[in-house]
Number of protein chains: 2
Amino acid sequence: MLKESFNQYSFILDKTAKRVKQFAQNSFSAQGIDLTVDQWSVLKTLYEFPLLTHKELADKCGKDQPTLTRMVDLLLKKGYMKRVEHPSDRRCLHLQLTDLGGSKVQALAPLVKDFRMRAWENLSQEDFEHFTRILNTIYNNLETK
Amino acid sequence: MLKESFNQYSFILDKTAKRVKQFAQNSFSAQGIDLTVDQWSVLKTLYEFPLLTHKELADKCGKDQPTLTRMVDLLLKKGYMKRVEHPSDRRCLHLQLTDLGGSKVQALAPLVKDFRMRAWENLSQEDFEHFTRILNTIYNNLETK
DNA sequence: TAACAATTATTAGTATAACAAGTAAATCTA
DNA sequence: TAGATTTACTTGTTATACTAATAATTGTTA
């Protein structure tokens, strides 16, 4: 049914994801922001879900646990988040943004809004819906379980 | 116009690109294939464009030159490609697949076809066209020059 | 209850790729 | 011819992914 090869989508997908990340990273660097895009995504996720365990945050960010642990170590060193005891399960640690972390996320909001505007020029709300639907479908199709 | 934040697309984009890559990588590993997905994309590109310089190949693959040089070193060590003198410009080197490299790409074709089928379940040819159009638009919108 | 299994976070080691800065050779240009 | 540009390479650093193993805790079941 589909004539084109894997290339014709995986290359485009990969190239575009990489360019978005690079563009964001360059904007961060140009503003002197001491975060990688991935680190920002961790902070942002925690901003939206203020109290998560390592495992929950890792899942939401699509990272494995060792990777997240190292990222948290870094963000902790930078003072943007903290680890807190879990009230009922002593294996777990709850993660929280510090005030500094929260205001960092807020400070980045306008910058991030600029990416969006720039990236979505010449595209419509309908395109956005296609985009999310198609990408989510691919994502779910490749569930490994 | 667009209500959602950067997250609502960059997260999905990044997550999906990562999952596609992981899925491909797992399939490669399960078949005992000694290539990363990025290495495969280099070989595949060179398969389609049989005679490229470092710079041309780097551009086509979206890699910078130092990264490509190291990847070529690796692929050369594995015997999949070779460097050849450029006939008219002695600064350049032409890159070519070896016979081994060519048959490797061919051997991977059915596997790669499986990814495509799996990823695109429940999606139409029309979706594919939306997909490529939208991603290419974003890609071009973020051109840094 | 005791033994075993599963879960959570961590640690360590390795590999890949991105990025930055600089070098050398060749080519182009003014 | 002198200087600028291009091409490829080298080196060093960093971020992230993956694997495997460990310790502590919790859950399960015989």
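Residue numbers begin at 1 in each chain, while the letters A, B, ... track the order of the sequences. Since we're looking at a predicted model, the values are computed, not measured.
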Determine which pairs satisfy ring pair (Phe, Tyr, Trp, His ring centres under 6.0 Å) with at least one residue from residues 64-84 of chain B, sequence neighbours left out, and list them in order.
none
So for the helix from C:dT1-D:dA30 to C:dA30-D:dT1, with five pairs setting each end axis, what is the inter-axis angle to 10°?
20°
Does any pair with a residue in residues 20-35 of chain A pass salt bridge (Lys or Arg N to Asp or Glu O under 4.0 Å), and if so which ones, sequence neighbours excluded?
A:K21-A:D38, A:K21-B:D14, A:D34-A:K104
Under the ring pair (Phe, Tyr, Trp, His ring centres under 6.0 Å) test, residues paired with B:H54 that sit two or more places apart:
none
Going 5' to 3' on DNA chain C, which nucleotide is the first and which the last to come under 4.0 Å of a heavy atom in chain B?
C:dT16 to C:dT27
When we call it a touch if two heavy atoms are under 4.0 Å apart, what does B:K18 touch: a base, just sugar-phosphate, or nothing?
sugar-phosphate
Using the salt bridge (charged side-chain N to carboxylate O under 4.0 Å, His left out) criterion, which residues pair with A:D59? Sequence neighbours excluded.
A:K55
Position toward the 5' end of DNA chain D (nearest nucleotide), A:T67 or A:R90:
A:T67
Give the C-alpha distance, both sets of side-chain angles, the deciding distance and a yes or no for side chain to side chain donor-acceptor pair (under 3.5 Å) between B:D64 and B:T67.
CA-CA 5 Å; B:D64 53 34; B:T67 297; 2.5 Å; yes
Partners passing side chain to side chain contact (heavy atoms under 4.5 Å, CB included) against A:D99 (at least two apart in sequence or in another chain)
none
For the aromatic rings, using the six-membered ring if either is Trp, is the centroid distance between A:W40 and A:Y47 under 6.0 Å?
no
Is it true that B:E48 and B:K44 make a salt bridge, defined as a side-chain N closer than 4.0 Å to a carboxylate O?
yes
Quick one: salt bridge (charged side-chain N to carboxylate O under 4.0 Å, His left out) partners of B:R118, sequence neighbours excluded?
none
Among residues 49-66 of chain A, which residues get a heavy atom nearer than 4.0 Å to DNA chain D?
A:K63, A:D64, A:P66
Nearest 0.5 Å please: distance from the NE2 atom of A:H130 over to the CG atom of A:L123.
11.0 Å
Approximate separation, where rounding is to 0.5 Å, of B:N122 CG and B:D127 CG:
10.0 Å
Can you give the first and last nucleotides of DNA chain D, 5' to 3', that have an atom under 4.0 Å from a heavy atom of chain B?
D:dT6 to D:dC18
Students often get this wrong, so: under 4.0 angstrom with heavy atoms, is A:T36 touching a base, only sugar-phosphate, or nothing?
sugar-phosphate
Kindly assign one of parallel, tilted or perpendicular to the pair A:F115 and A:F28, based on the angle between their ring planes and the thresholds 30° and 60°.
tilted
In plain terms, say whether B:D73 and B:K78 are close enough for a salt bridge, that is, a side-chain N and a carboxylate O under 4.0 Å apart.
no
Residues within residues 82-89 of chain B bordering DNA chain D, heavy-atom distance below 4.0 Å
B:R83
Evaluate side-chain contact (heavy atoms from CB on, under 4.5 Å) for A:L35 paired with A:L75, printing each intermediate quantity in order.
CA-CA 9 Å; A:L35 291 175; A:L75 291 169; 3.8 Å; yes
For A:Y139, give me all partners under ring pair (Phe, Tyr, Trp, His ring centres under 6.0 Å), at least two apart in sequence or on another chain.
none
